[in-house]
Amino acid sequence: MARRRNRRYAMPGVEQAVQDFKAEVMKNEGYAVDPNRPDDVKFEVAKELGIPLQHGANGQLTTEEAGQIGGKIGGSMVREMIRLAEQQLAKQRQS
């Protein structure tokens, strides 16, 4: 049986915005992303990395393998957030 995380965001109601952001970032990274199912990009990332991720239970994966998948996605999101913050700071300095 697949285990689902109970994520709680600091601000209520931002979950959809986070999912939309993930879809946009990974699409810009060249992945085929279904905007209605942005979490599915992890299967494409896993395939690219040669990691046997499956729908459902993945108890056979090592922590390192799971981290490689999540790290690629999360790392891309963090890089984009930093880029956006730098862009916003530059605009503030100009005004």
Side-chain angles (χ1 to χ4, degrees):
M1 180 174 202
R3 194 169 58 154
R4 188 172 179 102
R5 286 188 189 175
N6 289 328
R7 273 194 193 138
R8 283 191 250 158
Y9 292 93
M11 293 179 59
V14 300
E15 183 173 359
Q16 187 58 50
V18 170
Q19 293 302 318
D20 293 345
F21 181 69
K22 180 192 297 185
E24 179 183 337
V25 168
M26 295 313 289
K27 187 176 179 182
N28 291 341
E29 291 282 323
Y31 292 95
V33 179
D34 178 349
N36 298 315
R37 298 178 57 137
D39 274 345
D40 283 358
V41 75
K42 65 187 170 190
F43 296 102
E44 190 174 342
V45 170
K47 184 177 179 181
E48 176 184 283
L49 296 172
I51 298 171
L53 183 68
Q54 305 167 23
H55 290 277
N58 283 285
Q60 80 285 359
L61 293 184
T62 66
T63 303
E64 181 180 355
E65 290 171 326
Q68 287 176 337
I69 298 166
K72 181 146 181 122
I73 296 168
S76 296
M77 292 174 68
V78 168
R79 278 189 299 280
E80 179 62 7
M81 284 187 272
I82 291 170
R83 187 191 70 73
L84 292 170
E86 287 173 340
Q87 185 179 45
Q88 187 174 23
L89 284 171
K91 283 181 183 177
Q92 287 176 356
R93 288 182 182 138
Q94 290 174 353
S95 47

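Only a predicted model underlies this, so the values are computations on that prediction, with no experimental measurement involved.
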State, with a plain yes or no, whether a side-chain heavy atom of [X] is found less than 4.5 Å away from one of [Y].
| X | Y | value |
| --- | --- | --- |
| Asp40 | Tyr31 | no |
| Met26 | Val45 | yes |
| Ser76 | Asn28 | no |
| Glu80 | Leu84 | yes |

(request) Could you tell me whether a side-chain N or O of Gln92 sits under 3.5 Å from a main-chain N or O of Gln87, the two making a donor and an acceptor? (result) no
(message) Has Glu65 got a side-chain atom pairing as donor or acceptor with Thr62's backbone, closer than 3.5 angstrom?
(response) yes
(request) Say whether Val25 and Ile82 are linked into one hydrophobic cluster, either directly or through other cluster members, by side-chain heavy-atom distances under 4.5 angstrom. (result) yes
So, [X] and [Y], do they make that salt bridge, N to O below 4.0 Å?
| X | Y | answer |
| --- | --- | --- |
| Asp34 | Arg37 | no |
| Glu44 | Lys47 | no |
| Glu29 | Lys72 | no |

In Å and rounded to the nearest 0.5 Å, what is the [atom1] to [atom2] distance from [X] to [Y]?
| X | Y | atom1 | atom2 | result |
| --- | --- | --- | --- | --- |
| Leu89 | Gln94 | CG | CD | 11.5 Å |
| Met77 | Glu24 | CE | CD | 10.5 Å |
| Ile69 | Ile51 | CD1 | CD1 | 4.5 Å |
| Asp39 | Gln19 | CG | CD | 4.5 Å |

(request) Indicate the atoms forming the closest heavy-atom contact of Leu49 with Gln68, along with that distance. (result) CD1-O, 3.8 Å
(request) List the atom of Val33, the atom of Pro38, and the distance in Å for their closest heavy-atom pair. (result) CG1-CA, 4.1 Å
(message) Around atom CD of Glu64, are there more than 12 heavy atoms from other residues, nucleotides or ligands closer than 6.0 Å?
(response) no
